[in-house]
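Everything on this sheet refers to the single structure shown next.
Computation of the quantities below employed the complete heavy-atom set of this structure, encompassing side-chain atoms and omitting hydrogens, waters and symmetry-equivalent molecules.
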Amino acid sequence: MPEGHTVHRLARTFHDLFVGQTLRVSSPQGRFADGAALLDGQVLVAAEAWGKQLFLGFAAARAGATAERWLRVHLGMYGAWTFAGDGSADVVHAIGAPRRRIGERETVPAGPDDPGTGDDWEPPAPRGAVRVRLLGEHAVADLTGPTACEVITPGEKAAVEARLGPDPLRPDGGRGSRDAARADFVERVRRSRVPVGRQLMDQAVIAGVGNVYRAEVLYRARVDPMRPGHDVPASEIGGMWDDLAVLMRDGVARGYIVTTRPEHRDAGGGAVPPVAAGRARRRPRQNADGEPGAVPVEEAFYVYRRDGLPCRVCGTPVLTRELAGRNLYWCGTCQG
DNA sequence: CCGTAATGGACAG
DNA sequence: TGTCCCTTACGGT
């Protein structure tokens with residue numbers, strides 16, 4: 001269940017593990033047999049992310065370097081990539097040791113306990129319904145449960161990208177420049193009366209934001225999620241873009257989402273109001289493929305899945321309702 | 001042990 | 001609006 005930061009991290013991992021290599025592509029589950037046959041034996045020449053979309057570019061020969069076919073993958077709600085490697089130095093670096101989560105599922109280096117000897121490495125048998133297996137020189141990547149997985153042409157890739165909004169994690173924002181991307185987002189939100197909390201979930205308005213970043217960026221900007229986009233000052237919308245660029249980039253670096261400032265965490269010495277007694281708690285959880293522990297998940301968010309708990313700043317119970325088909329969380333006091 | 005929600009989104013009707 | 005994708009962690013029993 002990734003948001004954009006996870007997919008960009010995945011693109012980086014594919015780049016590190018596989019780009020420049022001839023790959024064996026198969027579909028152990030069988031449902032992607034035709035697509036796998038198209039890519040099998042080709043060279044991976046690119047790994048890109050735009051919002052929650054992952055694009056892996058293939059070419060017949062390394063020399064060309066221009067992708068002729070693209071594998072488009074969208075993980076959706078419970079898709080996952082599982083990686084295993086032979087323990088050689090570069091792979092250990094890329095996968096992380098001793099274990100690491102990517103996408104959503106746990107990743108375990110499959111080699112013996114002697115890193116560096118990958119000569120007779122055999123990839124592990126696929127576990128579960130593996131739609132696609134990519135096998136490179138030193139590692140294997142298995143895809144399970146995706147919403148989308150297809151082989152497309154460069155033209156079809158361009159058509160998919162044309163439907164996506166600007167992405168704060170792309171170097172040029174997906175609009176040629178960071179300034180143009182920011183302006184595009186502001187203009188798009190303000191030309192509609194649709195509630196800003198709904199627009200943030202629209203991948204044509206901004207690509208890569210999901211339910212966690214939606215709730216958290218609105219809280220940090222003190223914006224009422226139900227406010228029509230047209231009524232939100234441009235400075236506040238632009239400020240949310242800038243904040244998302246920081247938060248999501250931090251998410252890429254950490255491998256998980258943290259939006260709280262240290263002074264607002266329970267252990268930060270802040271004036272955190274006491275928890276209401278007797279309420280059943282349901283702790284949030286999230287993807288975490290980075291090193292755990294720096295900020296525990298209970299401390300990572302201001303409002304996401306904290307309904308009924310006191311606001312970290314004002315103490316008012318956090319509210320929830322459905323918006324855009326997902327549960328929205330916000331503070332009715334701070335986000336008046 | 002079982003039921004359910006979950007960081008999404010495509011598609012049918 | 002409902003279905004699919006078909007996994008996983010968690011809470012309640």
Side-chain angles (χ1 to χ4, degrees), chain A residues 1-10 27-32 35 49-54 72-82 101-108 126-132 142-150 152 156 159-161 163-165 167-169 197-219 244 247-248 250-252 254-259 278-290 292 296-298 300-308 320-329:
Chain A
M1 296 174 263
E3 302 195 23
H5 69 297
T6 303
V7 183
H8 281 262
R9 208 176 152 92
L10 276 168
S27 179
Q29 175 205 45
R31 285 189 48 186
F32 190 65
W50 189 324
K52 300 166 188 171
Q53 307 272 345
L54 177 69
R72 179 181 77 92
V73 172
H74 194 300
L75 292 175
M77 202 66 129
Y78 33 77
W81 284 101
T82 301
R101 286 167 175 270
I102 292 177
E104 150 144 319
R105 180 178 298 169
E106 190 169 284
T107 295
V108 183
R127 277 193 308 161
V130 174
R131 188 82 61 89
V132 181
D142 286 345
L143 172 66
T144 54
T147 284
C149 174
E150 61 174 354
I152 60 176
E156 290 167 334
V160 170
E161 291 172 342
R163 293 194 296 270
L164 293 171
D167 178 353
L169 285 176
R198 182 182 289 274
Q199 296 205 54
L200 282 167
M201 293 294 278
D202 184 346
Q203 300 300 299
V205 172
I206 182 169
V209 172
N211 207 21
V212 175
Y213 283 125
R214 159 174 81 164
E216 295 296 305
V217 77
L218 285 165
Y219 178 86
L244 283 167
L247 291 176
M248 295 174 78
D250 178 76
V252 173
R254 290 178 186 270
Y256 56 98
I257 302 173
V258 173
T259 64
R279 260 192 78 89
R281 291 265 21 93
R282 203 169 47 184
R283 309 246 176 280
R285 49 181 195 276
Q286 65 171 322
N287 291 340
D289 61 300
V297 66
E298 302 84 12
F301 309 131
Y302 281 105
V303 289
Y304 175 72
R305 282 192 76 148
R306 285 178 55 84
D307 49 308
T320 185
R321 62 162 282 179
E322 191 178 301
L323 183 63
R326 315 298 298 279
N327 288 324
L328 168 73
Y329 307 88

In whole Å, what separates the [atom1] atom of [N] from that of [M]?
{"N": "dG9(B)", "M": "dA9(C)", "atom1": "P", "value": "22 Å"}
{"N": "dT3(C)", "M": "dT4(B)", "atom1": "P", "value": "15 Å"}
{"N": "dT8(C)", "M": "dA10(B)", "atom1": "P", "value": "23 Å"}
{"N": "dG11(C)", "M": "dT7(B)", "atom1": "P", "value": "16 Å"}
{"N": "dC5(C)", "M": "dG13(B)", "atom1": "P", "value": "15 Å"}

What's the spacing between His8(A) NE2 and Leu169(A) CG if we round to 0.5 Å?
4.5 Å
Expressed in angstrom and rounded to an integer, what is the separation of [X] atom [atom1] from [N] atom [atom2]?
{"X": "Tyr78(A)", "N": "dT7(C)", "atom1": "OH", "atom2": "C1'", "result": "7 Å"}
{"X": "Leu164(A)", "N": "dA10(B)", "atom1": "CG", "atom2": "P", "result": "9 Å"}
{"X": "Met77(A)", "N": "dA5(B)", "atom1": "CE", "atom2": "P", "result": "11 Å"}
{"X": "Glu322(A)", "N": "dT1(C)", "atom1": "CD", "atom2": "P", "result": "9 Å"}
{"X": "Trp81(A)", "N": "dT7(C)", "atom1": "CH2", "atom2": "P", "result": "16 Å"}
{"X": "Arg198(A)", "N": "dG9(B)", "atom1": "CZ", "atom2": "C1'", "result": "15 Å"}
{"X": "Leu75(A)", "N": "dC4(C)", "atom1": "CG", "atom2": "C1'", "result": "16 Å"}
{"X": "Tyr256(A)", "N": "dA6(B)", "atom1": "OH", "atom2": "C1'", "result": "20 Å"}

Candidate nucleotides dC5(C), dG9(B), dT7(B), ranked by approach to the side chain of Arg31(A) - the nearest
dC5(C)
Touch class at under 4.0 angstrom, heavy-atom based, for [X] against every strand present:
{"X": "Gln53(A)", "result": "nothing"}
{"X": "Arg326(A)", "result": "base"}
{"X": "Arg131(A)", "result": "sugar-phosphate"}

Can you tell if the side chain of [X] reaches within under 4.5 Å of the side chain of [Y], non-hydrogen atoms only?
{"X": "Tyr304(A)", "Y": "Ile257(A)", "result": "no"}
{"X": "Glu3(A)", "Y": "Thr6(A)", "result": "no"}
{"X": "Asp307(A)", "Y": "Asn327(A)", "result": "no"}

Think [X] has a side-chain N or O under 4.0 angstrom from the OP1 or OP2 of [N]?
{"X": "Arg127(A)", "N": "dT8(C)", "result": "no"}
{"X": "Tyr213(A)", "N": "dT7(B)", "result": "no"}
{"X": "Lys52(A)", "N": "dG9(B)", "result": "yes"}
{"X": "Asn327(A)", "N": "dA6(B)", "result": "yes"}
{"X": "Tyr329(A)", "N": "dA6(B)", "result": "yes"}

Minimum heavy-atom separation for Val258(A) and Leu247(A), please, with both atom names.
O-CD2, 3.9 Å
Name of the residue among Arg214(A), Glu322(A), Met201(A) meeting side chain to side chain contact (heavy atoms under 4.5 Å, CB included) with Leu328(A)
Arg214(A)
